[in-house]
Amino acid sequence: MDYKRYIAERLKVEGVSEEEIAESVAVPPDTEMGDYALPCFRFAKTMRKSPVQIAQELQSRYPVDGVISEVSAVNGYLNFKVDRKALARDVLTRISDERERYGASATGGGKVICLDYSSVNIAKPFHIGHLSTTVLGGALYRIFNYLGYRAIGINHLGDYGTQFGKLISAYKRWGNKKLVEEGGIRALNELYVRFHREAEQHPELEDEARAYFKQIEDGDGECLALFDWFKELTLKDVNKVYERLGIKFDSYAGESFYQDKMQPVVDELKQKGLLQESRGAQIVDLEAYGMSPCIILKSDGSSLYATRDMAAAIYRKNTYDFEKCLYVVAYQQNLHFKQFFKVLELMGKEWAKDLVHVAYGMVSLEDGAMSTRKGNVIFLEDVIDQCVEKAYRIIDEKNPSLENKADVAEKVGVGAVVFGALYNSKIKDIVFSYDKALNFDGETSVYVQYTCARAASVLSKAAAAGYNAKLCGAEPCPQEFELLKALGGFPDCVRAAAVAYEPSYIARYCVEVAQKFNKFYLDCKILGAEDDVRAFRLLITKATLTTLRNALGLLGIGVPEKM
Ligand code: ARG
């Protein structure tokens, strides 16, 4: 039930659209006054009356019914009380009917959303800096699919550039098959670091590297085979992490995929008179838009990151005909996205307006020193392992006889890392703390998971005793009502998260529902209540578990049966 819309449909205000009214209806922080409130200040101009008068007038006109049972006018606000029995019935029926689809919808109508996320660099560490793009992108991917869109997950691999020539040079000089096969990314990264160290003494190594890169570009057998092998090894390592985080992609078309798709872009720019020469390089001047120029070709004729991104955007539009193409990339790249979006717009691509840079802040570790094997690179895999290990220790201490402790620890540990990255508004820089992320009483995934386990335990005891769950005719008590109202808000929350590209809305929602459930659990007897009340409370408990499972699932977090 969409109460805001329901109210708006019945509340006719001259000169104000239903849409506008629905948007103005808010949930007041203090539910004493009402469950919804409409501030009348913004109608004062159109209606030429004081907000107080408007509220009174609207109150006298509003048709109270079995859904909204009470309307009052207070100081320029119109307050609505919903019929609690009706709300309970609606919310619980809907959740029982829709179950694992509760919160889902078909609003997307199969429209395509391209999502560029994680986008790792070949032979480079998959480090803590990739956490946000990976889990934000993964969550948005699930959210859009849940809302009936067709999400296309794209890992725009960083697999192009002179660094691969350096890597081949280093491998040939100091590497060997066994070392690299066993060491994976870490071994490749060490070779790369060594190349830089040695090149300081021997600058001629740089020429060698350039020559090797040229051979990759020209499709030379041996160099290309080595490069493909590095790519394979990198993906093998990264996939282990993706699997634990529940991350999927539909395409791994990386930068090198666009090698033969850039010339047409350059030609088009030239033909449209957008290309200029500047100190030998080919650029698009963006001064009129307050930006530095977008460099398309370097003076040696080689392409740039932006050139490849432009070719990629055009390719994606042609291939997927996207409604929107989202780039989940750190805010450090703000300028890059603004530049190439602008250039595409100047080329007359009307769809350039559908390209969105979903920027996010930095993640650092509270204990930065820990787990650094090489320099100050912190591998994401190490962070996850560490968190799972800590989770195991805590679980083992709290509940030594628990079965499947390792499985539970994996869900709790991975959940803590994911939730830690998703809990705050994405643009904020965050400092990840293992202890905070694993606090059973904090605003954490483990708190939510524990709440689920608590609900599941009540339900399994009820099942063992043969109790059933069903609606009853009684008016919900305040604790039940607060929880039910929150549960009813889930579909709205998912929609809002998609609109704002903010999985944090869902993370916060999980904590809110868990808190309300725990208040209900502690204040109200469930199993010990009278028959009717018990059945009703069991139904609420079941609905809570369903909703939290769905919500955590969208974030990529599993729910252990027992904890
Ligand atoms: N590989 C890049 C990096 O690590 C991110 C790529 C983001 N996607 C894009 N289409 N530019 O910085």
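Index from 1, following the sequence. Predicted, not measured: the structure shown is a model, and the values here were computed from it.
If you look at Tyr331 and Phe337, their ring centroids are not closer than 6.0 Å. Annotation: Tyr242 is in aromatic contact with Phe249 [ring centroid separation under 6.0 Å].
In this structure, the side chains of Lys353 and Glu345 stay at 4.5 Å or more apart for every pair of heavy atoms.
A donor atom on one side chain and an acceptor atom on the other are not found under 3.5 Å apart for Ser433 and Asp435. A donor-acceptor pair shorter than 3.5 Å cannot be found between the side chains of Ser278 and Gln276. A donor-acceptor pair shorter than 3.5 Å cannot be found between the side chains of Tyr149 and Glu323. For the residue pair Ser303 / Gln259, no side-chain donor-acceptor distance below 3.5 Å is found, with atom types taken as modelled. Gln339 and Tyr289 are not linked by any side-chain donor-acceptor pair at a separation below 3.5 angstrom, with hydrogens and angles left out of the test. Checked by atom type, the side-chain pair Tyr141/Asp250 shows a donor-acceptor distance below 3.5 Å.
No cation-pi contact links Lys166 to Phe195, judged by a cut-off of 6.0 Å to the six-membered ring centre and 45° from its axis. Cation-pi geometry between Arg186 and Phe379 is met: under 6.0 angstrom from the ring centre, within 45 degrees of the axis. The side-chain tip of Arg101 points at the ring of Tyr146 from less than 6.0 angstrom away and within 45° of straight on.
Note: Phe340 and His336 have tilted aromatic rings, judged against thresholds of 30 and 60 degrees for the angle between ring planes. Between Tyr171 and Phe230, the ring planes are perpendicular. Angles over 60° get that label, and only those under 30° would be called parallel. Ring pair Tyr327/Phe341 is tilted by interplanar angle, where 30° to 60° counts as tilted.
Here the closest non-hydrogen pair linking Val27 and Lys4 is CG2-CE, 4.5 Å.
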Chi angles and distances behind the side chain to side chain contact (heavy atoms under 4.5 Å, CB included) call for Lys317, Lys349: CA-CA 10 Å; Lys317 184 65 193 173; Lys349 313 281 179 206; over 6 Å; no
Could you walk me through whether Thr444 and Asn439 pass the side-chain hydrogen bond (donor to acceptor under 3.5 Å, both in side chains) test, one step at a time? CA-CA 7 Å; Thr444 56; Asn439 181 354; 6.0 Å; no
